[in-house]
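As structure tokens, the structure follows; a few thoughts come after it.
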Amino acid sequence: QVQLVESGGGLVQPGGSLRLSCAASGRTFSAYAVGWFRQAPGKEREFVAGISRSGGVTSYADSVKGRFTISRGNGRNTVDLQMNSLNPEDTAVYYCAGKWTLAPIEVPSKYDYWGQGTQVTVSS
């Protein structure tokens with residue numbers, strides 16, 4: 001069993017930055033591929049970024065490429081999402097998810113463990 005807790009959300013102006021963190025407890029998080037997803041009101045949950053078990057493979061949604069960076073922490077029990085050049089369309093609840101597999105997956109239903117989410121609001 002893995003417990004995931006997201007942190008780092010908040011209110012930021014357009015063009016600003018936030019760094020989200022996903023902290024894991026329980027089984028060794030380094031054995032899991034991790035994905036970040038987001039869900040805006042009235043919309044389906046969508047893939048944002050993912051990282052492989054080793055950290056060597058990453059993937060991003062087209063909408064965030066070049067602005068967001070996913071990485072594993074040095075202790076490998078955290079996965080961070082650095083978000084730059086934020087715009088109002090990035091406003092959503094952000095979730096991290098884990099699956100005991102090698103590579104990140106872009107389909108939410110494939111993940112086994114989810115955090116409770118953290119709100120990101122981009123507004124002036």
Answer whether the closest heavy-atom distance between the side chains of Q13 and P88 falls below 4.5 Å.
no
Is there a side-chain contact between V79 and I51, using heavy atoms and a 4.5 Å cut-off?
yes
Applying side-chain hydrogen bond (donor to acceptor under 3.5 Å, both in side chains), name anything that partners [X], two or more places apart in sequence or on another chain.
X: Q39; answer: R45
X: S52; answer: S54
X: R67; answer: D90
X: S17; answer: N84

Kindly assign one of parallel, tilted or perpendicular to the pair Y94 and F68, based on the angle between their ring planes and the thresholds 30° and 60°.
tilted
Can you pull out every disulfide (SG to SG under 2.5 Å) where at least one residue sits in [range]? Sequence neighbours excluded, please.
range: residues 47-85; answer: none
range: residues 70-124; answer: C22-C96
range: residues 44-92; answer: none

Rounded distance (nearest 0.5 Å) linking atom CG of L20 with atom CG of D80
8.5 Å
CD (Q82) and CG (L18) are apart, to the nearest 0.5 Å, by 8.5 Å
Taking only residues two or more places apart in sequence, or in another chain, which ones meet K65 in a side chain to side chain contact (heavy atoms under 4.5 Å, CB included)?
Y60, D62
Going by atom type alone, with no hydrogens or angles, which donor-acceptor pairs under 3.5 Å involve a side-chain atom of residues 116-124 and a protein atom two or more places apart or on another chain?
| residue | atom | partner | partner atom | Å |
| --- | --- | --- | --- | --- |
| Q116 | NE2 | E6 | O | 3.4 |
| T118 | OG1 | G9 | N | 3.2 |
| Q119 | NE2 | A92 | O | 3.4 |
| Q119 | NE2 | T121 | OG1 | 3.3 |

Between Y95 and F37, does the ring centroid distance fall short of 6.0 Å?
no
Any pair with a residue in residues 98-111 that passes side-chain hydrogen bond (donor to acceptor under 3.5 Å, both in side chains), sequence neighbours left out, goes on the list, sorted by first then second residue, please.
none
